[in-house]
There are 2 protein chains.
Amino acid sequence: MTRMTRQRAAVAEALDQQDEFRSAQQLHEVLRARGDSVGLATVYRTLQTFADAHEVDQLRNADGEVLYRRCERVEHHHHLVCRSCRRTIEIDGPTVEAWAAKVGAAHDFTDIDHTIELWGICKDCRG
Amino acid sequence: MTRMTRQRAAVAEALDQQDEFRSAQQLHEVLRARGDSVGLATVYRTLQTFADAHEVDQLRNADGEVLYRRCERVEHHHHLVCRSCRRTIEIDGPTVEAWAAKVGAAHDFTDIDHTIELWGICKDCRG
DNA sequence: CGATTCATGAGAACGATTCTCACGCTTGAT
DNA sequence: ATCAAGCGTGAGAATCGTTCTCATGAATCG
């Protein structure tokens, strides 16, 4: 059973205030700046817990760093993220979903999981 | 200009002998076992160089480790990888390619790049 | 109000990858 | 071939994100 603690509430709140994907360290810094100090290890653990519960989305940037974000839609979806400012657009992809399932089945693979993320430069960062 | 060295030839050859995606450390071990010893740092550098030149494909597993593989097809493609044995099927995805480009354009993002990999369990590993 | 047990935090530990830098080898010109 | 120029190499140190340890703190349940 998961317990409700000040730290978890703080991490959840900090996440809600973010529009873009953030790393554990960035969130830790946000919390520190707000005065809601939470240990770094706890931030990592909490984010992992949230991710396992599908309460936050997680992805890796090109450097392999894990980023977290509380998305609008709960249903499975993908992201179009600006490489520069990390502005994120949530996209749902019935098309690719079906494609992924079909490809998996065609090659007799089961438990298909997919990593589908789009990166680009958004309008504002292009200037 | 890139020079041809014993080490690079050895890494290239070791790569060619692999059917599945391998990490830099695994390849380093393969080289050591073959007697073609190459420094670990060099293996990393060489693989990076090959990847930059699009001579090998690279992707990250769930743990964030980077894996390399010399694929059959040179043209852009994606992979369906067995989570257990890493058996890899190369798939080309005009469907998703078009989808990715369309989504990017629709949201006014440029320099679209995408990460599209499929993971599953292959027939043999299902036993 | 306990007792139980999960949660926390500081710092150590980890693990993949990169960096440093002195030395060696490939290369292109001679 | 010979040689100078400079990229490539290797061993180990350094990085850096992330996880682990373990003693202490605090939800939760009866």
Open item on the list: Rounded to whole Å, please give me the gap between CZ in B:Arg60 and P in C:dT17.
Closed with: 7 Å
Open item on the list: Looking at B:Thr42, I'd like to know whether one of its side-chain N or O atoms comes within less than 4.0 Å of OP1 or OP2 on D:dG10.
Closed with: yes
- [ ] Report yes or no: do B:Gln58 and B:Arg69 form a side-chain donor-acceptor pair below 3.5 Å?
- [x] no
Open item on the list: Given D:dG17, D:dT9, C:dT17, identify the nucleotide with an atom nearest to the side chain of B:Arg8.
Closed with: D:dT9
Task: Candidates C:dG9, D:dT18, D:dG8 - which lies nearest the side chain of A:Gln7 - done: C:dG9
Open item on the list: Over 60° means perpendicular and under 30° means parallel, so tell me whether A:His78 and A:His114 are parallel, tilted or perpendicular.
Closed with: tilted
Task: Atom-pair distance (CG on B:Asp63; P on D:dT18), nearest Å - done: 13 Å
Open item on the list: Check the phosphate of D:dC7 against B:Thr2, side-chain N and O only, distance under 4.0 Å to OP1 or OP2. Yes or no?
Closed with: no
TODO: Rounded to the nearest angstrom, tell me the gap between atom CZ in A:Arg22 and atom C1' in D:dG17.
DONE: 18 Å
Open item on the list: Which is more 5' along DNA chain D, the nucleotide nearest B:Val38 or the one nearest A:Ala41? Just name the residue.
Closed with: B:Val38
Open item on the list: Quick check: on DNA chain C, is the nucleotide nearest B:Glu65 upstream (toward 5') of the one nearest B:Arg45, or the reverse? Name the residue that is more 5'.
Closed with: B:Glu65
Open item on the list: Is there a side-chain contact between B:Tyr44 and the phosphate of C:dT17, meaning an N or O under 4.0 Å from OP1 or OP2?
Closed with: yes
Open item on the list: Taking only side-chain N and O atoms of A:Arg32, does any of them lie within less than 4.0 angstrom of OP1 or OP2 on C:dG9?
Closed with: no
Task: DNA chain C: 5'-proximal contact among B:Ala24 and A:Leu40 (nearest heavy atom) - done: A:Leu40
Open item on the list: Can a donor-acceptor pair be found, under 3.5 Å and without considering hydrogens, that links the side chain of B:Thr49 to the backbone of B:Arg45?
Closed with: yes
Open item on the list: Is A:Gln25 close enough to D:dC16 that one of its side-chain N or O atoms is under 4.0 Å from OP1 or OP2 there?
Closed with: no
Open item on the list: What's the closest nucleotide to the side chain of B:Thr46 if the choices are D:dA27, D:dT19, D:dT9?
Closed with: D:dT9
- [ ] Mind calculating the distance between CG (A:Leu31) and C1' (C:dG9) to the nearest angstrom?
- [x] 14 Å
TODO: State whether a side-chain donor-acceptor pair under 3.5 Å links A:Gln25 with A:Tyr44.
DONE: yes
- [ ] Give the rounded distance in Å between these two atoms: CZ of A:Arg3 and C1' of C:dC6.
- [x] 4 Å
- [ ] Give the rounded distance in Å between these two atoms: CD of A:Gln58 and P of D:dT18.
- [x] 10 Å
Open item on the list: Using whole Å, what does the distance between atom C1' of nucleotide D:dT28 and atom CE of A:Met4 come to?
Closed with: 13 Å
Task: Whole angstrom value for the distance that separates P of D:dG17 from NE2 of A:His28 - done: 13 Å
TODO: Would you kindly say whether B:His76 and B:Asp92 are connected by a side-chain donor-acceptor distance under 3.5 Å?
DONE: no
